[in-house]
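Written out below as structure tokens is the structure these notes cover.
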Amino acid sequence: MEEVQKHSVHTLVFRSLKRSHDMFVSDNVDPPHQDSTSEKLKMACKARDEYGPVMHMPIPKETHRPVHHTGQSQHGTNPGLQDGMMSRTDSQSQQISRAPTSVGEIRQQATATSETSRALASISGPKTSSALVSLKAPTMPKPQWHPPWQLYRVISGHIGWVRCIAVEPGNQWFCTGSADRTIKIWDLASGKLKLSLTGHVSTVRGLAVSQRQPYLFSCGEDKQVKCWDLEQNKVIRHYHGHLSACYALDLHPTIDVLCTSSRDSTVRVWDMRTKACVHTLAGHTNTVADVKCQSAEPQIISGSHDSTVRLWDLAAGKSRSTLTNHKKSIRSLAIHPRLYMFASASPDNIKQWRCPDGNFMQNLTGHNAIVNCLAVNTDNVLVSGGDNGSMYFWDWKTGYNFQRIQALTQPGSLDSEAGVFACKFDQSSSRLITAEADKTVKIYKEDDSATEESHPINWKPEILKRKKY
């Protein structure tokens, strides 16, 4: 018996490839025969999928009524005129039935079609020409240059976390509320303590100063909402009704009402004078962390830990709409002082919305922290403060992050106590006040010596990466 010679696997595979090549090389240049029926079916499917609504352009019906006459016209119409009209309509129908060869002819043909055509109704309604207008490529505007911000004053005096800030409308002083259960009023120019108010029995979480009355409003984790008379420096009204801790409050700019949000998942609207609860806005399913009021609709906006933003109808006491784009808890809201827009902050990203319906505008991504607070000034600078002490400065219109600051802790504090709980611009938009976890209040201002050459904009448009929700 003849012994079979053994070869390596590489040799055997190479031989198999060579045999296959020799077998099929003769047919390589001759493609397989095409089935005409299958090819027509494939092209018909492609045409229907791509150009289904506009594949059969209809021949327009004549807008004038046809003239019925026997022998002579009813109104004595000239037969020569009728022949001219018939020949003109025949030439129009021939022109429309001919296949267009350029973009101009396509547009002429589209505008020549009847407004009652059903072929384009699903795309553009009665105006069929809008479906054929070329769309412009999306462009991103270049961000506005802003000078960088720098720390210029640290104020210490509280013996607990500083949780909230409010600036007086006259821009003379500001007040802070703290976990030490006190409200302190500071001179804005010098940073010196002017007054301390005691009365809360737990952390003070929200402050607001009235524009029309000498009143200061405060709320805290003791479920209490208080109205302080700043002429007598004492509490003159209590607003009872919340079932759990109050986390934020805001005053309506034109009506004498205030809104408070609470851990009991509600927003309550109070009559400032009578202390009556006008509305209890229920709908959130978790803690309502922030509430904002404005004079235009929606007059009340609330953000909750159930990761939704709700826009409320103040007159009806009901929710207008619910924005569910966020995936995580919302801790802060900010209304733009000039534009008809607002922003909401969540650990996933910061989102901008347009009033009155809450249309989504854009995402501001990059602040990878639990964002506790937002503030926006008249120069289109948006500031977000994080739980880890990071502060990001954004250009409002483009979402460009032009500066990042890591807040420094007070000497003697732990690095883990670097956390920004609240931030607020003063009335001139030139000072930024922050309330922090190292029990201090820090004030930032713009760097006057900075120029566009010393701090250039390092901007790269990210059109493809922008999320649409």
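Residue indices begin at 1 and follow the sequence shown.
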Is it true that Ser302 and Ser261 share a donor-acceptor pair across their side chains at a distance under 3.5 Å?
no

Under 6.0 Å from the CZ atom of Arg338, do we count more than 12 heavy atoms belonging to anything else shown? no

> So, does Asn286 use its side chain to make a donor-acceptor pair with the main chain of Val288 at under 3.5 Å?
Replying inline: no

CG (Asp187) and CG (Leu193) are apart, to the nearest 0.5 Å, by 10.5 Å

(Q) In terms of relative ring orientation, are His336 and Trp396 parallel, tilted or perpendicular, with 30° and 60° separating the classes? (A) perpendicular

Trp353 ring center near Phe360 ring center (under 6.0 Å):
yes

Can you see whether Arg310 engages Thr322 through a side-chain donor-acceptor pair at a distance of less than 3.5 angstrom? yes

Side-chain heavy atoms of Ile433 within contact of Thr176, under 4.5 Å: no

Rounded to the nearest 0.5 angstrom, the CD1-CG distance for Ile185 and Leu197 is 5.0 Å

In terms of ring plane angle, is the pair Phe402 and Phe393 parallel, tilted or perpendicular, where the classes change at 30° and 60°?
tilted

Counting only heavy atoms not in Trp161, do more than 12 sit closer than 6.0 Å to its CH2 atom? no

Practice task
Taking the side chain as every heavy atom from C-beta outward, state whether Tyr400 and Asn458 have any pair of such atoms under 4.5 Å apart.
Solution key: yes

Less than 4.5 Å apart, any side-chain heavy atom of Val381 and any of Val383?
yes

Which side-chain N or O atoms in residues 406-414 pair as donor and acceptor under 3.5 Å with protein atoms at least two apart or in another chain?
{"unit_1": "Gln406", "atom_1": "NE2", "unit_2": "Asn388", "atom_2": "O", "d": "2.9"}
{"unit_1": "Ser413", "atom_1": "OG", "unit_2": "Gln410", "atom_2": "O", "d": "3.3"}

Just by distance, with hydrogens left out, do His146 and Asp395 show a side-chain donor and acceptor under 3.5 Å apart?
yes

Using 30° and 60° as the class boundaries, would you call the ring planes of Tyr392 and Trp394 parallel, tilted or perpendicular? tilted

Exercise. Is Asp180 paired with Lys439 through a side-chain N to carboxylate O contact shorter than 4.0 Å?
Worked result: no

CZ of Arg163 to CD of Glu436, rounded to nearest 0.5 Å, is 12.5 Å

task: Verify the neighbour count for atom CD1 of Ile457: are there more than 12 heavy atoms of other residues, nucleotides or ligands below 6.0 Å?
output: yes

CG (Asp313) and CD (Glu297) are apart, to the nearest 0.5 Å, by 5.5 Å

Review point. Does Tyr340 reach the side chain of Pro356, with side-chain heavy atoms less than 4.5 Å apart?
Key: yes

Rounded to the nearest 0.5 Å, the NZ atom of Lys424 sits from the CZ atom of Phe174 at a distance of 12.5 Å

Assess the side chains of His252 and Thr254: does a donor N or O sit below 3.5 Å from an acceptor N or O?
yes

Considering residues, nucleotides and ligands other than Lys223, do more than 12 of their heavy atoms fall under 6.0 Å from its NZ? no

One should read off an interatomic distance between Leu243 CG and Thr266 OG1, to the nearest 0.5 angstrom, of 7.0 Å

(request) Take atom NZ of Lys194 as the centre, draw a 6.0 Å sphere, and report whether it contains more than 12 heavy atoms from other residues, nucleotides or ligands. (result) yes

- prompt: Taking side chain as C-beta onward, heavy atoms only, is Thr182 less than 4.5 Å from His158?
  reply: yes

Practice problem: Inspect the surroundings of CZ in Arg320 and state if more than 12 heavy atoms from other residues, nucleotides or ligands are less than 6.0 Å away. | Solution: yes

Looking at His305, is its backbone amide N or carbonyl O close enough to the side chain of Ser329 to form a donor-acceptor pair, meaning the two atoms are under 3.5 Å apart? yes

